[in-house]
Amino acid sequence: MKSNYDIVIVGGGMVGAALACALGNSAFKVALLDRAPAAHPPEKGYDQRVSALTLASRALFENLGAWEGMARRRVSPVREMRVSGGAGSGAIHFNAAEIGEPALTYIVENSVIQTALIERLHQFTNVHHLCPVEIVDITLADNGAVVTLKDGRSLQAKLVVGADGADSEVRRAAGIETQALNLHQKGIVATVTTEKPHAATARQVFLPTGPLAFLPLDESHTCSIVWSADTARADQLLALDDTAFIVELQKTFSDVLGEIRTLGPRAGFPLALSQAKTYTAPHLALVGDAAHTVHPLAGQGVNLGFLDAATLAEVLLDAAEKQKDIGAHAVLRRYERWRKGDNLAMVSITGGFKYLFGNDLPVVSQLRNLGLDLTNAATPIKNFIMRRASGLEGDLPKLARRALH
């Protein structure tokens, strides 16, 4: 059975679902393909995986009509951020009040983001959510793309979008290569409770083996931790029982939040930097992790993906308004030119931070700590960093701007 669509989005994760919402109520007929239904937020406790949403991402979700669904569940504002150099005295303190904002970022569980987006896209009559489905073939031709499903359905489209993660099936089908750097690190995630309240403050300490972050959740004594460590060290930490892990965590993080009292389930995942050599081909575009991955230390990965989605939607809607072929490479290249430079910069910056803070040579350590202290003292520079990292500066797509309100 054949079905005709304007746009088929492969991958119903956070970025794919955001793109589907961004195309909602448009003249496009859109299909969002997902292998499995989204996991609902846990009734007790928290997700292991959380995202730090920038103010630009919040603006995007407000403009898409999905933010209310997140706020109704669980959203945790971060009003301050304290970053230290670990083995040294260097530190930076960021405060949202210094740039006149109520928050620097928002910590939201991935399942909360996903559930709210899926809930919203089901309200659009032009978006079809096909789930669960399994793809057996993706074919690109001169006149469009064909996605064949295991159940026998054949979806013909003017454009297929790969939003299917770092191991993208769409990217492979197009023969697009990636430039990747294995960081030989793993990220460890878990939820902890602490003796002292977190005071809506994110804390990050850079260690020779990788950064450790405590991210505040909506319960004042609960944090999500993201501990990036060299693979050997991460495997050692994951193999510890809970009591021994808490001892290591307490020793590493110090007692700034008092005693670490409880530890939830842990999970580990490998870290790598990657960038697709091209984001587009005729009748094809890549967004999110299918196009690029970054180190989690800056919390920017999924936010870059959301900007990809908002930018691609704007390019496609503009092309349709001018009666251009949305699958034409010349149209899609506008999206690539808009996003690739910013994404590559973030890949490079986060990779560079990993090596800068992972170097324990005395002279590097001294320069690193001096740089942190000087930046902390230079208010204009610090405020620019806050505004840029929060998504208030830069060439933002319309959907990520507050001007729509």
Side-chain angles (χ1 to χ4, degrees), residues 1-20 22-23 29-39 49 110 114 117-118 121 127-180 182 269-294 301-302 304-306 308-309 312-313 316 326-327 329 332 335-336 339-340 343 347:
M1 185 176 72
K2 290 185 179 180
S3 299
N4 290 314
Y5 288 92
D6 295 301
I7 302 163
V8 171
I9 304 167
V10 178
M14 294 184 288
V15 172
L19 176 59
L23 297 170
K29 185 180 178 184
V30 180
L32 178 67
L33 310 186
D34 207 350
R35 287 188 175 187
R49 300 297 295 268
N110 288 4
Q114 179 78 357
L117 286 168
I118 297 295
L121 70 85
V127 178
H128 298 169
H129 186 207
L130 307 183
C131 175
V133 295
E134 186 175 337
I135 296 170
V136 295
D137 185 61
I138 299 171
T139 302
L140 298 173
D142 292 340
N143 60 345
V146 179
V147 180
T148 306
L149 305 181
K150 190 176 182 179
D151 62 14
R153 281 180 289 178
S154 179
L155 312 181
Q156 296 183 312
K158 297 175 184 175
L159 173 67
V160 61
V161 179
D164 49 344
D167 187 28
S168 171
E169 192 175 355
V170 175
R171 191 182 64 229
R172 282 198 302 274
I176 296 174
E177 297 180 353
T178 60
Q179 297 171 306
N182 185 341
F269 53 94
L271 303 180
L273 306 176
S274 70
Q275 175 90 317
K277 291 191 175 179
T278 179
Y279 287 10
T280 59
H283 307 290
L284 179 138
L286 303 175
V287 294
D289 284 357
H292 48 79
T293 59
V294 302
V302 76
L304 297 179
F306 292 140
D308 290 348
L312 180 58
L316 296 176
I326 62 169
H329 201 200
L332 298 171
Y335 155 69
E336 180 170 358
R339 291 298 306 145
K340 195 172 185 181
N343 290 339
V347 170

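With sequence neighbours left out, K150 forms a side-chain hydrogen bond (donor to acceptor under 3.5 Å, both in side chains) with no residue at all. Taking T278 as the reference, E336 meet the side-chain hydrogen bond (donor to acceptor under 3.5 Å, both in side chains) condition, with sequence neighbours excluded. Applying the side-chain contact (heavy atoms from CB on, under 4.5 Å) criterion to D151, with sequence neighbours excluded, gives L149, R153. Under the salt bridge (Lys or Arg N to Asp or Glu O under 4.0 Å) criterion, K277 pairs with E177, not counting sequence neighbours. Among residues two or more places apart in sequence or in another chain, the side-chain hydrogen bond (donor to acceptor under 3.5 Å, both in side chains) test is passed with D34 by none. Applying the side-chain hydrogen bond (donor to acceptor under 3.5 Å, both in side chains) criterion to Y335, with sequence neighbours excluded, gives no partner residue.
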Which side-chain N or O atoms in residues 155-175 pair as donor and acceptor under 3.5 Å with protein atoms at least two apart or in another chain?
unit_1 : atom_1 : unit_2 : atom_2 : d
K158   : NZ     : D6     : OD1    : 3.2
D164   : OD1    : S168   : OG     : 2.6
D164   : OD2    : S168   : OG     : 3.4
D164   : OD2    : E169   : N      : 2.8
D164   : OD2    : V170   : N      : 3.1
D167   : OD1    : R172   : NH1    : 2.7
S168   : OG     : V170   : N      : 3.3
S168   : OG     : R171   : N      : 2.9
R171   : NH1    : A166   : O      : 3.1
R171   : NH1    : A290   : O      : 2.9
R171   : NH2    : A166   : O      : 2.8
R172   : NH1    : D167   : O      : 3.4

Run the side-chain contact (heavy atoms from CB on, under 4.5 Å) check on I176 and T178 step by step: do they pass? CA-CA 7 Å; I176 296 174; T178 60; 5.6 Å; no
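Counting only distance, with no hydrogens or angles, the side chain of T293 and the backbone of S274 share a donor-acceptor pair below 3.5 Å.
Between F306 and M14, the shortest heavy-atom contact is CE2-O, 3.6 Å. Smallest separation of non-hydrogen atoms from A17 and L32: CA-CD2, 4.1 Å. Nearest heavy-atom pair, L284 versus L332, reported as atom, atom and distance to 0.1 Å: O-CD1, 3.4 Å. The two residues L140 and A145 have their closest heavy-atom pair at CD2-CB, 3.7 Å. Heavy atoms only, all atoms of each residue included: A38 and I118 are closest at CB-CG1, 4.5 Å.
At least one side-chain heavy atom of S154 sits less than 4.5 Å from a side-chain heavy atom of V146. The side-chain heavy atoms of F269 and L271, taken from C-beta on, include a pair separated by under 4.5 Å. For the pair H292/L286, no side-chain contact is recorded, criterion being any heavy-atom separation below 4.5 Å from C-beta on. Taking 4.5 Å as the limit, every side-chain heavy atom of V302 sits out of range of all side-chain heavy atoms of D289.
Atom CG of L23 is separated from atom CG of L316 by 6.5 Å, given to the nearest 0.5 angstrom. Expressed to the nearest 0.5 Å, how far NE2 of H129 lies from CG of L33 amounts to 8.5 Å.
Judged as a ring pair (Phe, Tyr, Trp, His ring centres under 6.0 Å), not a single pair has a partner in residues 143-165 (not counting sequence neighbours). Pairs engaging residues 7-19 under the salt bridge (Lys or Arg N to Asp or Glu O under 4.0 Å) rule: none recorded [sequence neighbours left out]. Within the structure, the salt bridge (Lys or Arg N to Asp or Glu O under 4.0 Å) test picks out no pair touching residues 136-149 (sequence neighbours left out).
Y279 and N343 share a donor-acceptor pair across their side chains, judged by distance under 3.5 Å alone.
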